Amino acid sequence: MDPIITRFPPSPTGYLHVGGARTALFNWLYARNKGGKFILRIEDTDLERSTQESVDAILQSLEWLEIDWDEGPFFQSKRFDIYRDYIRKLVENGHAYYCTCTPDEIEAMRQKAMSMGGKPKYDGRCREKNMKETPNAVVRLKAPLTGATVLPDMVKGNIVFQNTELDDFIIMRSDGTPTYNLAVAIDDITMGVNTILRGDDHVNNTPKQMLIYKALNQELPRYGHVPMVLGSDRTRLSKRHGAMSVTEYREMGYLPDAVINYLVRLGWSFGDQEFFTRKELIQKFNIENIGRSAGVFDVNKLLSLNGDHIQAADPGALVPHLLPFLEKQGVYPAPKEDLPAIIRTLNQRSKTLIEMAEGALFYFKDEITYDEKAVQKFFSAEFVEILRPLTDRIEALGDFSEKNLENPFKEMMEMTGVKFGKIAQPVRVALTGGTVSPGIFEMIAALGKEKTVKRLRQAEALMLKGK
RNA sequence: GGUCCCUUCGUCUAGGGGUUAGGACGCUGGCCUCUCACGCCGGUAACACGGGUUCGAAUCCCGUAGGGACCGCCA
């Protein structure tokens, strides 16, 4: 078989939402899995609603998700000449015709048909008039009046449409621009696209596009219509269901790998496996395992998966992802800071990068802010008897490794008979200002001797002062 | 309303004639423990309904109900 060529054709009328991202992902994964090509095409034939900002937003989102394209982005608005050629061809070979009916007349037609219990269709009154091109005329495709169009769908199986359900739909508007169905078909034909994975909201459009292929005597692409992503109330995903745009998930501290893992797994499965690396996704993705029913977007599961990806990621690789969130908190780590070491203390306890950044703040702050209650509870003058010698021992340590840091604590426990917990908690408050943090030893190792000793001494002073 | 699609725990799903109907998220009991987490062990909870076919149906067929998508000179 010829190399697989897929595409993603967003229309730039807004940001990239998660449903669109999933469609892009399916096409991209399939192309990558098959060693084929993935094309990006911007469907901006609606000059009114298309904006450059949307184009930029969509491109940025795809780049963030690390979905790369082999060709494009192509813009339909720059291809009007091509469409016009094909439209002319269709008129010449008798598969399309000019129609001068006005929108008002069409509307009246629909009303009448509806009131008589029929379908709101164009009645074909210009169909056999053989009109020449005139200003303000539209072009309609001459759809077959009988028979059926069968869509052999890779996901849903054969879907049969009676041709009597179809009408002579418009392929060129009165202003000379092509309509969606025409532009899509012509683009896919001229770009060699042979595999189309898209939302099943397009199912009813497909016979129209197939008719265009047929009128042009072109080989059909293979279609696969994937079920929709729904909101928690099982209706089409929309703003009231919460965050929809890919960008929002980036800002909320999600990892692109987690987002693609979640999105693909919503509607596709590979046995019981839930966690997939990007590489695995490419290796394992197939069309057979795409589900048939619509899925509800569940942020909770995404969140859980994000935690899994944070945990599984190499700490060094996480640094560039984390940095923006630290900066948002006003922290600009010095080059000498060992970020991977710090991340290692936090990746087991962070579901998002925001959480991780918040959890990391204490490492960088020059002035630690103490939690009032924690100080009340754990800082006492008596504790200085333990804290001072402990600090001395920590300061004297040559090997500041996690393992070696256990020794000063052990010694203090042996000397005083005080349980570990009673020592660790005040130290934790002294070092972080609060009662929640990574494990004592890993935290101290990541903090470094200088900051550790400084903070312990400062706490000591506070304890002596009577808080 | 018409056309098309869909229906396994609350959610995502595995399974597809004989299973104690499996996993994950959530919720929950416990263990681990220096806090919070992680981790581990356990629990909760599903084949929409009705008819067939069959020795046997969640699985195949037909209905019903429910849900969704689309019916533009939007994409």
Side-chain angles (χ1 to χ4, degrees), chain A residues 9-13 43-46 48-50 76 99 101-103 106-107 110 113-114 117-121 136 138-140 151 153 155-157 159-162 164-167 169-181 183-184 199-207 225 227-228 230 232-236 262 265-275 289 291-305 307-308 311 346-351 355 359 374 378 409 419-429 432 434-441 443:
Chain A
S11 60
T13 53
E43 310 221 322
D44 57 351
T45 53
D46 185 344
E48 291 289 304
R49 299 201 303 149
S50 301
Q76 290 189 325
C99 165
C101 297
T102 64
I106 307 292
E107 187 49 37
R110 288 206 179 95
M114 293 257 257
K119 305 172 202 346
K121 292 185 0 178
N136 290 324
V138 302
V139 175
R140 289 179 183 275
L151 159 59
D153 195 274
V155 175
K156 296 172 184 287
I159 302 174
V160 181
F161 298 90
Q162 296 306 319
T164 47
E165 297 294 331
L166 274 25
D167 68 352
F169 60 94
I170 293 174
I171 58 176
M172 189 188 85
R173 302 186 188 104
S174 53
D175 65 0
T177 60
T179 58
Y180 164 72
N181 282 121
V184 167
D200 70 7
D201 49 340
H202 284 282
V203 168
N204 289 296
N205 276 320
T206 308
H225 288 92
M228 301 271 84
L230 308 176
S232 48
D233 59 357
R234 307 208 71 98
T235 63
R236 203 177 171 52
Y262 176 72
R265 191 57 186 58
L266 176 62
W268 175 83
S269 62
F270 194 81
D272 279 344
Q273 190 173 345
E274 300 283 349
F275 182 95
N289 290 351
R292 281 166 234 287
S293 50
V296 173
F297 190 88
D298 180 7
V299 207
N300 240 331
K301 189 146 184 180
L302 205 207
L303 183 65
S304 160
L305 217 36
D308 293 343
Q311 200 166 129
L346 292 162
N347 61 177
Q348 306 288 308
R349 55 199 97 227
S350 309
K351 295 258 191 244
E355 273 183 41
F378 295 107
F409 285 84
K419 286 215 194 295
F420 182 70
K422 296 285 179 197
I423 300 177
Q425 207 55 3
V427 169
R428 170 170 286 114
V429 177
T432 70
T435 53
V436 175
S437 86
I440 284 287
F441 306 121
M443 167 177 66

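Side chains included, hydrogens not; waters and symmetry mates left out as well; all remaining heavy atoms used. Chain letters run A, B, ... following the sequence lines, proteins first and then strands; every chain starts at 1. Because the structure is predicted, anything quoted here is derived from the model rather than measured.
- If you check every strand for non-hydrogen atoms under 4.0 Å, A:R49 touches a base.
- The base of B:A75 lies outside donor-acceptor range of the side chain of A:N181, with no N or O pair under 3.5 Å.
- In terms of the salt bridge (Lys or Arg N to Asp or Glu O under 4.0 Å) criterion, A:R234 has no residue partners (sequence neighbours excluded).
- The residue A:V296 sits close only to the backbone: its heavy atoms come under 4.0 Å of sugar-phosphate atoms, none of a base.
- Residues satisfying the side-chain contact (heavy atoms from CB on, under 4.5 Å) test with A:V436, not counting sequence neighbours, are none.
- Across all strands shown, B:U33 remains unpaired; no Watson-Crick or G-U wobble contact has both distances below 3.5 Å.
- In this structure, the CD atom of A:E274 is 8 Å from the P atom of B:A24, given to the nearest Å.
- Among the protein residues, A:N205 comes within range of the nucleic acid bases, having at least one heavy atom under 4.0 Å from a base atom.
- With sequence neighbours excluded, the residues satisfying side-chain contact (heavy atoms from CB on, under 4.5 Å) with A:D153 are A:L151, A:V155, A:K156, A:I159, A:Y223, A:H225.
- Side-chain nitrogen and oxygen atoms of A:S269 include none within less than 4.0 Å of the OP1 or OP2 phosphate oxygen of B:C12.
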Assess whether side chain to side chain donor-acceptor pair (under 3.5 Å) is satisfied between A:D233 and A:T235, documenting all intermediate values. CA-CA 6 Å; A:D233 59 357; A:T235 63; 2.9 Å; yes
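- No hydrogens or angles were tested; on distance alone, nothing pairs the side chain of A:S437 with the base of B:C36 as donor and acceptor under 3.5 Å.
- Within 4.0 Å (heavy atoms only), A:C101 reaches at least one base atom of the nucleic acid.
- Residues meeting the salt bridge (Lys or Arg N to Asp or Glu O under 4.0 Å) test with A:E355, sequence neighbours left out: none.
- Comparing the same atom, C1', in B:U44 and in B:C36 gives a spacing of 26 Å after rounding to whole Å.
- Taking the side-chain contact (heavy atoms from CB on, under 4.5 Å) definition, one finds that A:P438 meets it with A:T345, A:L346, A:R349, A:F362, A:Y363, A:E442, A:M443, sequence neighbours left out.
- Between B:G2 and B:C9, the distance separating the two P atoms is 29 Å to the nearest Å.
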Between the protein and nucleotides 2-5 of chain B, list every N/O to N/O distance that falls short of 3.5 Å.
residue, atom, partner, partner atom, Å
B:C5, O2', A:K156, NZ, 2.7

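- Across all strands shown, B:A46 remains unpaired; no Watson-Crick or G-U wobble contact has both distances below 3.5 Å.
- Shown here are the salt bridge (Lys or Arg N to Asp or Glu O under 4.0 Å) partners of A:D201, two or more places apart in sequence or in another chain: A:R236.
- Qualifying side-chain contact (heavy atoms from CB on, under 4.5 Å) partners for A:P426, counting only residues two or more places apart in sequence or in other chains: A:F378, A:F383.
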Find every protein N or O atom lying less than 3.5 Å from an N or O atom of nucleotides 38-42 of chain B, and list the pairs.
residue, atom, partner, partner atom, Å
B:C38, O4', A:Q348, O, 3.4
B:C38, O2', A:Q311, OE1, 3.3
B:C38, O2', A:Q348, OE1, 2.7

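- OP1 and OP2 of B:C6 both lie 4.0 Å or more from every side-chain N or O belonging to A:R234.
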Collect all protein-nucleotide pairs involving nucleotides 46-50 of chain B in which both atoms are nitrogen or oxygen and the distance is under 3.5 Å.
none

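- Scanning for ring-ring contact (aromatic ring centres under 6.0 Å, His included) contacts around A:F275 gives A:H309, with sequence neighbours left out.
- The base of B:G22 sits with one of its N or O atoms less than 3.5 Å from a complementary donor or acceptor on the side chain of A:D272.
- Within 4.0 Å of A:G439, counting heavy atoms only, lies at least one base atom of the nucleic acid.
- Residue A:T235 is classed as a sugar-phosphate contact, given heavy-atom separations below 4.0 Å to backbone atoms only.
- Contact annotation for A:P10: no contact, since no heavy-atom pair falls under 4.0 Å across all strands.
- In this structure, A:I440 reaches the bases: a heavy-atom distance under 4.0 Å links it to at least one base atom across the strands shown.
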Distances for protein N/O vs nucleotides 28-32 of chain B N/O pairs under 3.5 angstrom?
none

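- Among the atoms of the strands shown, only primed sugar atoms or phosphate atoms (P, OP1, OP2) are found under 4.0 Å from some heavy atom of A:S293.
- Among the atoms of the strands shown, none is found under 4.0 Å from any heavy atom of A:T13.
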Checking A:V427 against A:I440 for the side chain to side chain contact (heavy atoms under 4.5 Å, CB included) test, could you report, in this order, the C-alpha distance in whole Å, the side-chain angles of both residues, the deciding distance, and whether it holds? CA-CA 8 Å; A:V427 169; A:I440 284 287; 4.2 Å; yes
